[in-house]
There are 2 protein chains.
Amino acid sequence: MSLNRKPRLADVARDAGVSPATVSRAISQPELLSGETLARVRLSAQRLGYSPDAAARALASGRSMTIGAVMPTLDNGIFSKALQAMQENLAAAGYQLLVASHDYNIAAETDAVRTLLARGVDGLFLVGAERAPETRAMVEAAGVPMVLTWCAAPGQPAVVVDNVLAGTLAARHLIENGHHRIGVITGRLKFNDRQEARLEGVRKALEAAGLTLPLALACEQPTNLAGGRMGCAKLLELAEPPTAIIGGIDLIAIGSMVEAQARGLSVPSDLSIVGIDDVDMAAHVSPSLTTVHVPTALIGAQAAKMIVAWLRNQDVDKAVCLPVELIVRRSCGRVPQSPRSPLSGSHGMDS
Amino acid sequence: MSLNRKPRLADVARDAGVSPATVSRAISQPELLSGETLARVRLSAQRLGYSPDAAARALASGRSMTIGAVMPTLDNGIFSKALQAMQENLAAAGYQLLVASHDYNIAAETDAVRTLLARGVDGLFLVGAERAPETRAMVEAAGVPMVLTWCAAPGQPAVVVDNVLAGTLAARHLIENGHHRIGVITGRLKFNDRQEARLEGVRKALEAAGLTLPLALACEQPTNLAGGRMGCAKLLELAEPPTAIIGGIDLIAIGSMVEAQARGLSVPSDLSIVGIDDVDMAAHVSPSLTTVHVPTALIGAQAAKMIVAWLRNQDVDKAVCLPVELIVRRSCGRVPQSPRSPLSGSHGMDS
DNA sequence: ACATTTAATGCGAGCGCTTTCATTCACGAT
DNA sequence: ATCGTGAATGAAAGCGCTCGCATTAAATGT
């Protein structure tokens, strides 16, 4: 049993009767070799069970074939879905994905980027456009291609969706159903420009309809079910509660639905609810959630393709904006005509 | 503007008036240096903005400070939660996490492991004990520490939970509530020993109570909400439908609940439902889901700690088994006494 | 037949760091 | 004074691969 050390490139070269350089080319630029030589080298490599040393390649070539992704958290369906898509697409192009998370902490993002850069990543995915100037500076100084996701920064390649539009779509749908008092529960706005944009979109739609968003009707909550429940509870306990609620993400919307139902309200007849994201669950809760579809997996896939193209020096679209779309399901209805039990009546009739 | 090339270790050495070896030690074994020298080197490093080159370190030292994790999918709360915990713990120890996924495809797992190994990972996390012999062989040949998660293989360090017990706990709870006809919806059993074990646990509890699991009452579905709905639909359409359903994972259980409710059944009075995992959502659906808590994040955290200890040549527990626990909420009730609308009556009275 | 390309391969100098071994120096013991 | 001793540091040989340049051989043109 010859359990000698791992074969190196030189071993293959010797075995195939060629120079190390030729073996190296057989791996990375096979088109430069004659068919015969290539075949011989491949045979030797195969026979010896050769597999190139990634660290050595990285050192010699200056490329690590590794891409870093820094997400707010991996523990959220929308990010893990994007991550999954990134991973698949990168793997297909020979790249590995290095992940880090910052839990919505702007300084933690800086640290993560620093670490990844020190790791020699060839490219970087970041979420959102808002970040510490230092972070941008580091990436720039390192000369590492970076593509943003979800939100775009000027002049920076990105794969985004129109979050403002998403908010507008959600609000407009409610307005068209006669709702005046619309509550909005967003995620924490700090270091989360996706949520900010969506909120802005809601405001826009409201203003376009001659309505406003009273301070009391907007609240920030953690981006999870519990946040949705709490936010909803808060809004429903208002003297003048909303007739409809927009969740900054589906999880919040669903949490709101649960809370409303737990309070004996019927969705949508007592309270309408709209989400944004269209997570798997949205179609399966009852009533099914009307929401604005955001192509999460596509964002990841596109971002991966973009960075690979960039690394291959191909043309890169400066920023692609993926479409969002209102998905009408069953969680929204016309504004209730009459006061309902735990809520005081809404003002003014409509329609 | 001196935008020269990145400073190297030698630059720091020159600046600090010491040898490169000393700088190297300042980084990785500071305890070997005199306080004075260390301070001087650190100052120079800081001033020059030095950051060691990971590839060079990896090549010279034979350690990449990188750990690979191969998951069935990132796009599932339980795995992404574990991943998140792994990532945090590894980062704290100076390691980076390289991720890959195989989508429940055993050959894809082999490929992922091969790739990660070629990448020079210092350690590996895998899910479950079932896999291609080739995969094990590769890891062994590479001499890379590997820790398994969720399910243990003999003689292999692992952080697991007793999935059989989880299944038993779920079933026993139902049995104690008088249920005889218990349906089970698991995820696909192929290359998923967690689900197999849970199913086995259910069988055990049933047998211990003198009951059996008829073939018709067990079904496999995708591990998501839609799977739960379909599985539930199938079971409810049986001539003799179950009075209770166990979901192999919470997502399935919740999907079942939705389906049951969509069919006009009330949970738990018409149908009891138990899940396994205790995902965030479980506490927030309505009725809240009775389930078996599996400490997902802890699995990840422990696994990370274990592999770090191993890499530091510290003692490693061969296999830690984390506790599972039945969480009684509101989705289970006594078996219905009388036939209910869409279902034919259950046989024999109980209690 | 001879110069000129073009294609295929080899040479060798690194890439930036780690680590073994040797060296130096200070200090307490003899 | 002399000799270990151990702590602190330096010298230098790689780690395994890539790539610019040089070289050779074959093909093409005149």
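Reminder, nothing fancy here: chain letters follow the sequence lines and each chain counts from 1.
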Given [options], the nucleotide with the shortest approach to the side chain of [X]:
X	options	answer
B:Ala21	D:dA11, D:dC19, D:dT9	D:dA11
A:Arg25	C:dT9, C:dC15, D:dG10	C:dT9
A:Ser28	D:dT18, D:dG10, C:dC17	D:dT18
A:Arg63	C:dG16, D:dC19, C:dG10	D:dC19
A:Ala60	C:dG16, C:dT18, D:dT18	D:dT18
B:Leu59	C:dA8, C:dT18, D:dC15	D:dC15

Check: [Y] main-chain N/O paired with [X] side-chain donor or acceptor under 3.5 Å:
X	Y	result
A:Asp53	A:Ala55	yes
B:Ser64	B:Gly120	yes
A:Arg63	A:Ala60	no

Taking all heavy atoms of B:Phe125 and all of B:Ala303, pick out the closest pair and write down the distance.
->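 Closest approach of B:Phe125 to B:Ala303, heavy atoms only: CE2-O, 3.3 Å.
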Could you tell me whether [X] contacts a base, only the sugar-phosphate backbone, or nothing, with contacts defined as non-hydrogen atoms closer than 4.0 Å?
X	answer
B:Leu33	sugar-phosphate
A:Val23	nothing
B:Ser61	sugar-phosphate

Can you find a side chain N or O atom of B:Ser34 that sits less than 4.0 Å from OP1 or OP2 on D:dA8?
->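 Looking at the OP1 and OP2 atoms of D:dA8, neither is under 4.0 Å from any side-chain N or O of B:Ser34.
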May I ask you to verify if any side-chain N or O of B:Arg8 is less than 4.0 angstrom from the OP1 or OP2 atom of C:dT18?
->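 Checking C:dT18 against B:Arg8, no side-chain N or O comes under 4.0 Å of OP1 or OP2.
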Let me know the distance between CD1 of B:Ile27 and C1' of D:dT9, rounded to the nearest Å.
-> 16 Å
For A:Asp53 and for B:Gly35, locate the closest nucleotide of DNA chain D by heavy-atom distance; then report the residue assigned to the nucleotide nearer the 5' terminus.
-> B:Gly35
